[in-house]
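Below is one structure, written out as structure tokens; the observations come after it.
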Amino acid sequence: MDKKPNIVVFCTDEQPWNWLGCMGNKDLKTPNIDALAEDGILFQNAYCNTPICMASRATMFTGLPGSVNGSRTNGIPLDHSNPVLPQILKDNGYKTFSTGKLHLTNWEIGTHHAPEFTDIPAGMFPESETHWREGSYDQIPDGYFGLDWIDLIGNHGWYCHGNYTNWLKKEHPDQYEKFVSRETEKPSLDYDDKRYGTLYATIDDKYYYNEWIKDKTIEKIDRVDPDTPFFAWVSYPDPHWPYGPAEPYSTMYDPKEIDKPVAWNDDKSSMPDFYHKEWYEERKIPSVDGQDTHRTLDQIMESKALSYGMTTAIDTSIGGVVQHLKETGRYDDTVFIFMSDHGDNMGDHHMFNKGPFHYDGCIRVPFVVCYPKKLKKGLKSDAFVQILDFMPTVLDL
């Protein structure tokens, strides 16, 4: 009887479907992800079911839409009563671990979000920035959503928290200060005094979290007995805003030489009313996500170039994990899946980031499956696939 395959899931955050070389992007360098596609199946019409982080990830872990699992949008944690992929695999002999972003429960809590909560138990939201910064947590307990080991990154970029930030602050305090102070090599066109602007980070790239994710993933893989199958959730906070990669990725792409947004000058005459009226105007709620952007085209293009750099940095990290599995003889027995939780408007239709806007840039995602031992190689599929199918497909494999 064949040994059950190892499963490695590489998940990015807010990466549009065509931000891969193998998807026809001639500007963006992603050689390691492209190599997985060449050794497996590239799904060219993959979609998320809810284009926002928590809801999409809840669907990944449960194989259920938000209307069933209960996590319909950010701020609604996934209830532990739902069967989840890591626990099912663990119950069937797998060692399970996560490195990087999870976002299955809330990151932000406090009376400003929920005035009725005057005393929030630490155990209720173990991924929360509040608890990590106050020291209530320095490690999520083993067994969280079926995961044996967890190395957490909550939030994004210079305002992240969790095991990575604690490690960086303790082991490399000078690099930590560069990172969290938002030190920039040069002025950007969209730097502001909040956490959403762009910059050219001065932190040494070997201390940026992509390298930490790679190293921690390899460390955990090596802890698993070769005769025991493992499930590795390898989840990158990028290329989600804020945009601030380190060299060489911060200057790798010229904003003047990459593709411009789709329908940048869209007058929105054909856009459904709620997209730009009911959702924001009538609710009178400003948002960094989705709405008609205040950014100029030059600012958008700078953000896109930096985000491209972040994507190539992720690709480098993925390449390190894959190479280690090849060197240790585990590559052929491993199912690799590459995907993103949702896309990014990035100036398309004069909109920015994510939200309930059903354009391809926002809801269509990259999706690669590679299983060298069992699946055919070099296939490109135009079939409609969705994140909803991720969990049952893994269980089938």
Side-chain angles (χ1 to χ4, degrees), residues 1-12 32-33 35-36 39-41 57-58 60-63 78 80 82-104 126-127 139-153 162-164 167 210-236 317-339 368-377 389-397:
M1 181 176 178
D2 286 346
K3 170 180 171 288
K4 295 174 181 177
N6 305 312
I7 300 158
V8 176
V9 181
F10 297 114
C11 183
T12 61
N32 295 295
I33 301 168
L36 286 177
D39 218 12
I41 305 170
R57 289 162 185 269
M60 292 174 181
F61 269 59
T62 64
L78 179 62
H80 287 270
N82 286 286
V84 289
L85 177 61
Q87 185 64 55
I88 294 170
L89 292 172
K90 182 177 179 178
D91 292 345
N92 283 274
Y94 276 75
K95 201 68 178 174
T96 60
F97 52 93
S98 169
T99 312
K101 178 176 177 177
L102 278 167
H103 210 185
L104 298 174
E127 294 186 57
Q139 183 60 51
I140 293 182
D142 295 344
Y144 182 71
F145 287 104
L147 293 161
D148 290 310
W149 304 319
I150 298 169
D151 288 300
L152 179 73
I153 297 176
N163 296 108
Y164 163 73
W167 166 83
N210 293 328
E211 283 297 295
W212 181 86
I213 288 171
K214 178 199 73 176
D215 292 342
K216 286 293 180 180
T217 300
I218 290 172
E219 176 187 305
K220 296 298 188 297
I221 289 171
D222 288 347
R223 285 176 60 182
V224 181
D225 186 289
D227 293 327
T228 300
F230 64 81
F231 168 80
W233 175 259
V234 188
S235 184
Y236 298 88
S317 176
I318 288 173
V321 174
V322 172
Q323 184 59 33
H324 183 74
L325 287 164
K326 288 180 176 179
E327 291 172 354
T328 54
R330 287 170 153 173
Y331 178 77
D332 286 344
D333 290 318
T334 300
V335 174
F336 297 93
I337 295 175
F338 175 84
M339 61 181 176
V368 173
V369 178
C370 173
Y371 184 10
K373 190 174 184 178
K374 290 285 181 76
L375 299 181
K376 292 182 179 180
K377 300 180 181 182
D389 296 327
F390 158 72
M391 175 190 174
T393 300
V394 168
L395 294 179
D396 281 348
L397 289 170

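On a predicted model such as this, the values are computed, not experimentally measured, just so you know. Keep in mind that the numbers below use all heavy atoms, side chains included, and drop hydrogens, waters and symmetry copies.
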- request: In sequence, state the C-alpha distance, the side-chain angles, and the governing distance for L78 and T62, and then conclude on side-chain contact (heavy atoms from CB on, under 4.5 Å).
  value: CA-CA 9 Å; L78 179 62; T62 64; 3.9 Å; yes
task: Given side-chain contact (heavy atoms from CB on, under 4.5 Å), test R57 with S235 step by step and report yes or no.
output: CA-CA 11 Å; R57 289 162 185 269; S235 184; 3.1 Å; yes
message: Between I221 and N6, does the side-chain contact (heavy atoms from CB on, under 4.5 Å) criterion hold? Intermediate values first, please.
response: CA-CA 10 Å; I221 289 171; N6 305 312; over 6 Å; no
task: Under the side-chain contact (heavy atoms from CB on, under 4.5 Å) rule, what do H324 and T217 come out as? Steps first, then yes or no, please.
output: CA-CA 10 Å; H324 183 74; T217 300; over 6 Å; no
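A side chain to side chain contact (heavy atoms under 4.5 Å, CB included) with P86 holds for exactly one of Y144, Y94, W233, F231; it is F231.
The two residues M339 and M60 make their nearest non-hydrogen contact at CE-SD, 3.7 Å. P372 and D332 make their closest contact through CB-OD1, 3.5 Å (heavy atoms, listed as atom of the first residue, atom of the second, distance). Considering all non-hydrogen atoms of both residues, N210 and S317 come closest at O-OG, 2.8 Å. When all heavy atoms of K377 and D39 are compared, the closest pair comes out as CD-OD1, 2.9 Å. In terms of heavy atoms, I41 sits closest to K376 at CG1-O, 4.1 Å. The minimum heavy-atom distance linking V224 with R330 is given by the pair O-NH2, 2.7 Å.
Not counting sequence neighbours, the partners of D227 by the side-chain contact (heavy atoms from CB on, under 4.5 Å) test are D225.
Separating the CG atom in D222 from the OG1 atom in T328 is a distance of 6.5 Å, to the nearest 0.5 Å. Atom CG of D151 and atom NZ of K216 lie 5.0 Å apart (nearest 0.5 Å). In this structure, the separation between NE2 on H80 and CZ on F145 is 3.5 Å, given to the nearest 0.5 Å. Rounded to the nearest 0.5 Å, atoms CG (L152) and CD1 (I140) are 4.5 Å apart. Separation of atoms SG (C370) and CD1 (I33) is listed at 12.5 Å; rounding is to 0.5 Å. For the atom pair CZ (F97) and CD1 (I150), the distance works out to 12.0 Å, reported to the nearest 0.5 Å.
Taking 4.5 Å as the limit, some side-chain heavy atom of V322 sits within range of a side-chain heavy atom of Y331. Within the 4.5 Å cutoff, the side chain of V394 has no heavy atoms near those of the V335 side chain. Side-chain atoms of I153 and Y236, non-hydrogen and from C-beta on, never get closer than 4.5 Å to each other. Side-chain contact check for D142 versus D148: every heavy-atom pair is 4.5 Å or farther apart. Looking only at side-chain heavy atoms (C-beta outward), F390 and L85 come within less than 4.5 Å of each other. For the pair F10/L36, a side-chain contact is recorded, criterion being any heavy-atom separation below 4.5 Å from C-beta on.
With respect to the salt-bridge test (charged N to carboxylate O, under 4.0 angstrom), the residues K373 and D333 qualify.
Ring-plane geometry between Y164 and W212 is classed as perpendicular, the angle between the planes exceeding 60 degrees on a 0 to 90 degree scale with a lower cut at 30.
At least one test fails for K95 against the ring of F230: distance under 6.0 Å to the centre or angle within 45° of the axis.
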